Structures are given as C-alpha cells and as structure tokens.
2 protein chains.
Amino acid sequence: MDTDGTDDTDDTDDMDTDGELTVDAPHRELLDQVLDKWSLSVLNELCGRPCRFNELRRSIPAVTQKSLTATLRRLERNGVIERDVISTRPTAIQYRITPLGKTLRHPVDVLLAWASDNLPAIERARAAFDAQENP
Amino acid sequence: MDTDGTDDTDDTDDMDTDGELTVDAPHRELLDQVLDKWSLSVLNELCGRPCRFNELRRSIPAVTQKSLTATLRRLERNGVIERDVISTRPTAIQYRITPLGKTLRHPVDVLLAWASDNLPAIERARAAFDAQENP
DNA sequence: CAGGATCCCAAACGATACTG
DNA sequence: CAGTATCGTTTGGGATCCTG
C-alpha cells in the first residue's frame, strides 16, 4: 500500500474546467484495491455463484495460490466479498459476493464495454506509435 | 443506479468453447495501461486544458519525473493523449487529450462515482476487517 | 481442502545526475 | 524546459514446501 504522506501544501488546484473527474488519493487507492490484476476475474466468477478456494483456482488457471489468497483477502477487507467457513471435516470455505460487491458490476461493466469498443482503435494507435518511435 | 438484476453479461470474452484459454483478455491489459497509478490524474488535468510537462508535474506533486514520463508515453502509445512539439527556443512540448481519450471520461466517471458513493461503506468494511483480524 | 511461510526474481518506483 | 540515463530500493508475483 502506498501512502504518500507528502501532501502538497503548495499547489492543490484540482480545478475541473469542463467536468467533474475528481481523482483523489482515496479514490485511486480504492480502485487499486478493487481493480487489480486478479480482482476482475474473481469478481466475475463470484458474481455467478459462490465458489470455494480451489474452485476459483481452477476457474482462473493463471493465478497462483498466493496471489489468489491475497486477492481474496483484499476483496474481503474492502467488503465486496465474504468468506463462509463451513464446518465440515476438512473445513470447506466458500466465498461469495456481497451486496456492495454487486454494485461494482455496473461500473466495471461500463469500463469493459469501453475497452471492447475501443480495442481496435487502441491497437491501431499502438501499432502506429511503435512503428514510428521504434523502427 | 445499479440495475444489474439480470445483466449477467460477461464482457470478458468467452473463448472457452473448445478449451480453457481463459483469464485474460486484452481487456485487463488495456485497463492496466490506461488506469494505472498516475493516468487518472494526468487525464484529469488534460481533460481541462492542454498542459506542458512541468505544468503537469506541478499539478501532480506526488509524481516523479520518471513516472510522469512513463505515464505520458504509455497514454500516448494507447492513443488517448497526443504530444505537440512547439518549436520555440527551448522546445516547448504540449500534451493534449485526443477524441479517443475523451471517450474514456465517461467510464472513468462512472467508476469514480461508484468510489465516491461507496467510500464510506468500504472504509467501514476495512475498519471492521482490521479490527477482527488484526487486533 | 484451504492456506501460511519462504525464497527469489522481475518489474515498478524514487532519487539523483546529466543533456539538448 | 523536457526530458534521458543510471542506480538503489521497494513491491508483487511465482514456485515450492509445509500445516490444520
């Protein structure tokens, strides 16, 4: 976690001239916690149905146990998923999305829609950039 | 605001019809490029007006020159901002947002709105988690 | 099954120092 | 002014071993 304690007392003009794109430290930190590398995949799975740990691992083959654990802890800490301890013999554990977590779907959906929509344009831009800057 | 009752649509591409390829679409990679640590702040500034390099540095005091350069290059490569070389004596350079970049505003805005909306709930969740797990 | 504990590497980031 | 280059440090992630 980065806590840039060095707040500027010098220049804090966050004046939006033509809109309200308020980007604050808490906002960015929050999005970092919730939109990190594996969160989207996990959220995506848990939106469908509750899953157990190894179920998630199987659903997201590229994730390691360590990263998955870290992701689940982080999401749990932020209140978007919950952890159920089921007292069976080798203690099963189930993760499920919370109501708060469900509200995340729409913003993420909008973002993914944008990505889908503009992926071609962006790949074109990348190709053009790479061609001229790095021949 | 969240009308996700029946929208179970996955915008992540389902390419698991004949195998499990899975996890990552170019979507997540794209979002990583565009929603990284400093991009939102830079975009926010450039949405208002074109800025020069040191102007941006001053607006975003916590960013280092290196990170700012990297961020600008990345955003430029992805076609959301553009670089103007103004041939004055000590070569001024101006960054400005592109039409494509402007389309990013809405998704980001939705996301930031969600963050603003749920920040209190999330901070409560964090406090609760930290209290019980880490006394 | 669900993870904690380690080691280790690679990428990210910050802090100078230097240049056209 | 607008960067590039380099170094040292921090962080995240993967791999592996181990436990309740």
Side-chain angles (χ1 to χ4, degrees), chain A residues 1-8 11 25 28-29 31-42 45-46 50-77 81-96 129 133-134, chain B residues 22-24 28-29 31-42 45-46 50-77 81-96 129 132-134:
Chain A
M1 176 189 294
D2 77 75
T3 49
D4 49 345
T6 59
D7 260 9
D8 61 304
D11 185 21
R28 225 221 63 254
E29 180 210 352
L31 297 182
D32 271 358
Q33 300 254 320
V34 153
L35 294 181
D36 76 313
K37 189 171 185 182
W38 302 110
S39 294
L40 290 190
S41 301
V42 170
E45 285 300 316
L46 294 185
C51 287
R52 294 211 297 271
F53 189 83
N54 285 318
E55 220 174 334
L56 285 170
R57 284 187 75 173
R58 265 174 262 121
S59 297
I60 314 166
V63 75
T64 60
Q65 160 272 318
K66 183 182 177 181
S67 301
L68 181 55
T69 301
T71 300
L72 290 171
R73 287 284 176 279
R74 185 168 34 236
L75 292 179
E76 187 192 359
R77 192 175 102 95
I81 69 173
E82 258 176 342
R83 207 179 98 119
D84 282 340
V85 180
I86 304 173
S87 297
T88 54
R89 356 176 231 128
T91 47
I93 288 183
Q94 198 176 24
Y95 293 93
R96 64 187 207 282
F129 183 89
E133 296 283 331
N134 206 6
Chain B
T22 54
V23 237
D24 270 334
R28 228 220 61 256
E29 180 212 352
L31 297 182
D32 272 356
Q33 298 256 320
V34 153
L35 294 182
D36 75 313
K37 189 171 185 183
W38 302 111
S39 294
L40 290 190
S41 302
V42 170
E45 286 300 316
L46 294 185
C51 287
R52 295 214 295 272
F53 189 83
N54 285 318
E55 219 174 335
L56 285 170
R57 284 188 75 173
R58 265 174 262 121
S59 298
I60 314 166
V63 75
T64 61
Q65 146 277 314
K66 185 181 177 181
S67 300
L68 181 55
T69 301
T71 300
L72 290 171
R73 287 283 177 279
R74 187 168 34 236
L75 292 179
E76 187 192 359
R77 191 174 104 94
I81 69 172
E82 260 178 340
R83 207 179 98 118
D84 283 340
V85 179
I86 304 173
S87 297
T88 53
R89 308 102 108 195
T91 45
I93 288 183
Q94 199 176 22
Y95 292 93
R96 64 188 207 281
F129 183 90
Q132 86 175 59
E133 296 282 331
N134 206 7

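Below, read A as the first sequence line, B as the second, and so on, with proteins coming before strands; counting in each chain starts at 1. All values derive from a computational prediction rather than experimental measurement.
When rounded to the nearest whole Å, the span between CZ of B:Phe53 and P of D:dC1 equals 11 Å. In this structure, the CG atom of A:Asn54 is 15 Å from the C1' atom of C:dG4, given to the nearest Å. If you measure from atom CG of B:Asp32 to atom C1' of D:dT11, you get 15 Å, rounded to the nearest angstrom. Atom-to-atom, CG of A:Asp36 to P of D:dG12 comes out at 10 Å; the value is rounded to the nearest Å. Protein atom CD of B:Glu29 is 15 Å distant from nucleotide atom P of C:dA11, rounded to whole Å. Nucleotide D:dC1 holds its P atom 13 Å from the CG atom of B:Leu56, rounded to whole Å. Put simply, CD on B:Gln94 is 17 Å from C1' on D:dG3, counting in whole angstrom units. If you take CG of B:Leu72 and P of D:dT4, they are 10 Å apart, rounded to a whole angstrom.
Residue B:Arg57 is classed as having no contact, given no heavy-atom separation below 4.0 Å to the nucleic acid.
Looking at residues two or more places apart in sequence or on another chain, you find a side chain to side chain donor-acceptor pair (under 3.5 Å) between B:Arg96 and B:Glu82, B:Asp84. Considering only residues two or more places apart in sequence or on other chains, A:Ser39 meets the side chain to side chain donor-acceptor pair (under 3.5 Å) condition with A:Asp36. B:Asn54 is linked by a side chain to side chain donor-acceptor pair (under 3.5 Å) to nothing, counting only residues two or more places apart in sequence or in another chain. For the side chain to side chain donor-acceptor pair (under 3.5 Å) test, residues two or more places apart in sequence or in another chain that qualify with A:Ser67 are A:Thr64. For A:Thr88, the side chain to side chain contact (heavy atoms under 4.5 Å, CB included) criterion is met by A:Ile86, A:Pro90, A:Ala92, not counting sequence neighbours. Shown here are the side chain to side chain contact (heavy atoms under 4.5 Å, CB included) partners of A:Gln65, two or more places apart in sequence or in another chain: A:Phe53, A:Arg57, A:Thr69. A:Thr91 is linked by a side chain to side chain contact (heavy atoms under 4.5 Å, CB included) to nothing, counting only residues two or more places apart in sequence or in another chain.
Residue B:Tyr95 places no side-chain N or O under 4.0 Å from the OP1 or OP2 atom of D:dC1. Phosphate contact (OP1/OP2 of C:dG4, side-chain N/O of A:Arg73, threshold under 4.0 Å): present.
In this structure the side chain of A:Leu56 reaches within 4.5 angstrom of the side chain of A:Leu68, judged on heavy atoms. Using a 4.5 Å heavy-atom threshold, the side chains of A:Arg83 and A:Ile93 count as touching.
To the nearest 0.5 Å, the span separating CD on A:Glu55 from CG on A:Leu46 amounts to 9.5 Å. Between atom OG1 of residue A:Thr71 and atom OH of residue A:Tyr95 there is a gap of 10.5 Å, rounded to the nearest 0.5 Å.
Taken over five-pair windows at either terminus, the axes of the helix from C:dC1-D:dG20 to C:dG20-D:dC1 are inclined to one another by 40° (rounded to 10 degrees).
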Base contacts versus sugar-phosphate-only contacts with protein, heavy atoms under 4.0 Å: please encode nucleotides 14-20 of chain C as B, S and - from 5' to 3'. BBB----
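Of the residues in residues 81-89 of chain B, B:Arg83 come within less than 4.0 Å of DNA chain D through at least one heavy atom, sorted by number.
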